[in-house]
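Below is one structure, written out as structure tokens; comments come after it.
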Amino acid sequence: MHEWALAEAVVESVRREAGGRRVLGVRLSFGELQQVDRGIFAAAVADLAPEAGLDAAVFTVEVEAARFACRACGRRWALAEAAGLGEDEREAVHFLPEAAHAFVRCPGCGSADFDVAAGRGVSIAAIELADEAPGPSP
Amino acid sequence: MIDPRDAGIALQLAGVRLVLAVSSGKGGVGKSTCAVVGSLLLARRGLAVGLLDLDFQGASCHTLLGCRPGFPSEDRGLLPLEPVTGLRFATIASFVGERPAAMRGSALADALREMLAVTRWGALDVLVVDMPPGIHDTTLELARIAPKARHLVISTGSVVALTVASRLLRHLGEAGTAVAGLVENMAPSGIGVPGASAVRFCPRGGHRRAGPARGNRLRARPRADHRRRRGLRRPGGLSGALLTLARSKSTHWFGTP
């Protein structure tokens with residue numbers, strides 16, 4: 001359940017960004033590469049949000065497709081085309097997306113010199129704040 | 001887009017009293033050995049010690065510890081391994097084994113951020129970080145996310161290593177990064193044991209006299225400075241130096257920018 005740590009980071013980050021203002025919604029982007037378990041993540045957020053004063057916030061998730069880009073030949077490819085990712089390798093990439101650099105090679109030229117151009121991990125796309133002045137600190 | 005990991009890192013390092021980055025200008029000067037041996041010595045003295053191998057392309061702490069790291073256990077994050085009682089340990093080798101993971105700068109910084117954001121160190125007296133040699137993305141990113149980390153710079157006594165170590169020290173000085181000291185590793189032992197190597201430690205400030213000296217003077221100066229600090233010159237001085245550092249009341253606490 002390392003999703004808990006990711007959820008904790010998201011909740012704390014939103015709390016900081018909001019600066020005491022009421023948060024109505026949080027739009028999250030999950031990179032396809034990291035394969036975050038949305039159920040576990042949502043359960044962790046539900047546990048953590050009230051304590052951070054985010055009980056009114058609705059968290060929504062969009063999954064961003066993973067895209068690799070080869071620096072050697074310029075080819076771009078999707079996760080489905082990435083050979084070399086068995087169950088153990090996917091687990092490693094789930095914990096640390098950069099582990100992909102140990103397992104994935106360009107399907108065009110075989111190069112290890114590629115970027116994860118999109119769909120890497122968890123990020124916050126938008127925070128919707130209530131149109132009100134910050135309340136007094138508790 | 002907001003990267004939530006900076007906030008996560010602050011949470012995960014909230015219980016860490018001191019981040020000690022063991023760094024070097026050149027490779028091959030015994031940086032990982034000093035990081036591992038120093039960590040073990042501190043753990044043996046009863047301190048809560050974490051060891052993080054951030055030398056992603058040259059990870060070797062697990063080899064020095066004699067372990068083959070598997071996936072960490074999960075409990076609201078990733079729990080550090082415990083290859084030796086009392087030593088918490090995290091390494092990229094848990095995820096990639098001995099495979100090379102060729103990464104450019106942004107990926108290195110991402111890997112560092114991810115590991116720090118999800119590893120639950122708990123309360124630590126000191127988190128020893130085995131850095132990659134040189135000044136690049138890992139050095140810059142650690143400075144950004146842990147600005148109060150202190151660097152222990154490892155070098156040999158050779159002019160080649162000391163010249164580059166001096167460059168690193170200059171960078172750290174310009175960046176306002178605290179330097180815990182300069183270790184001259186692989187120094188002649190002076191204890192009459194053929195082939196034995198020793199560690200000499202110049203506490204904070206010694207490096208300022210080491211650089212920007214020229215040529216062979218560079219080599220001599222750390223030793224000259226060191227002689228004035230009796231008790232730190234014998235073999236095993238690294239242990240005493242690290243212990244003093246970890247217990248120092250002036251130790252910097254971890255803080256977010």
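No experiment lies behind these values; they were computed from the predicted model shown. First the proteins, then the strands, lettered A, B, ... as listed; each starts at 1.
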Heavy-atom proximity to chain A below 4.5 Å, by part of L11(B): side chain
Go through the steps for E12(A) and R5(B) under the test salt bridge (Lys or Arg N to Asp or Glu O under 4.0 Å), then give the verdict. CA-CA 9 Å; E12(A) 175 63 8; R5(B) 291 174 295 174; over 6 Å; no
So, the part of A117(B) with a heavy atom under 4.5 Å from chain A: the answer is backbone
Segment of F114(A) engaging chain B (4.5 angstrom heavy-atom cut-off): neither
Look up atom CE in M1(B) and atom CD1 in I124(A), then write down how far apart they are to the nearest 0.5 Å. 10.0 Å
Where does E17(A) contact chain B at under 4.5 Å (heavy atoms): side chain, backbone, both or neither? side chain
Given the options A125(A), A99(A), A9(A), P97(A), which has more heavy-atom pairs under 4.5 Å with chain B than any of the others? A9(A)
Do H101(A) side-chain atoms and A102(B) backbone N/O form a donor-acceptor pair below 3.5 Å? yes
Return the option, out of D113(A), V93(A), V116(A), D115(A), with the maximum number of heavy-atom pairs under 4.5 Å with chain B. D113(A)
When rounded to the nearest 0.5 angstrom, what distance separates OG in S94(B) from CG in L96(A)? 10.0 Å
Look at the rings of F95(B) and F95(A) and say which category their plane angle falls in: under 30° parallel, 30 to 60° tilted, over 60° perpendicular. tilted
Between G97(B), S73(B), G8(B), A101(B), the one whose heavy-atom pairs under 4.5 Å with chain A are most numerous: A101(B)
Interatomic spacing from OG in S123(A) to CD1 in I2(B) - rounded to 0.5 Å: 9.5 Å
Out of A7(A), A44(A), A112(A), S13(A), which one racks up the most heavy-atom pairs below 4.5 Å with chain B? S13(A)
Please report the shortest heavy-atom distance between A5(A) and Q12(B), naming the atom on each side. CB-NE2, 3.8 Å
Which heavy atom of P100(B) sits nearest a heavy atom of R105(A), and at what distance? O-NH2, 4.2 Å
Is chain A contacted by the side chain of R76(B), its backbone, both, or neither, given a heavy-atom distance below 4.5 Å? both
All salt bridge (charged side-chain N to carboxylate O under 4.0 Å, His left out) counterparts of R120(A), not counting sequence neighbours: E98(A), D110(B), E114(B)
Whatever's closer than 4.5 Å to a heavy atom in chain B on I127(A) counts as side chain
Does anything in residues 52-90 of chain A get under 4.5 Å of chain B by heavy atoms, and if so which residues? R71(A), D88(A), E89(A)
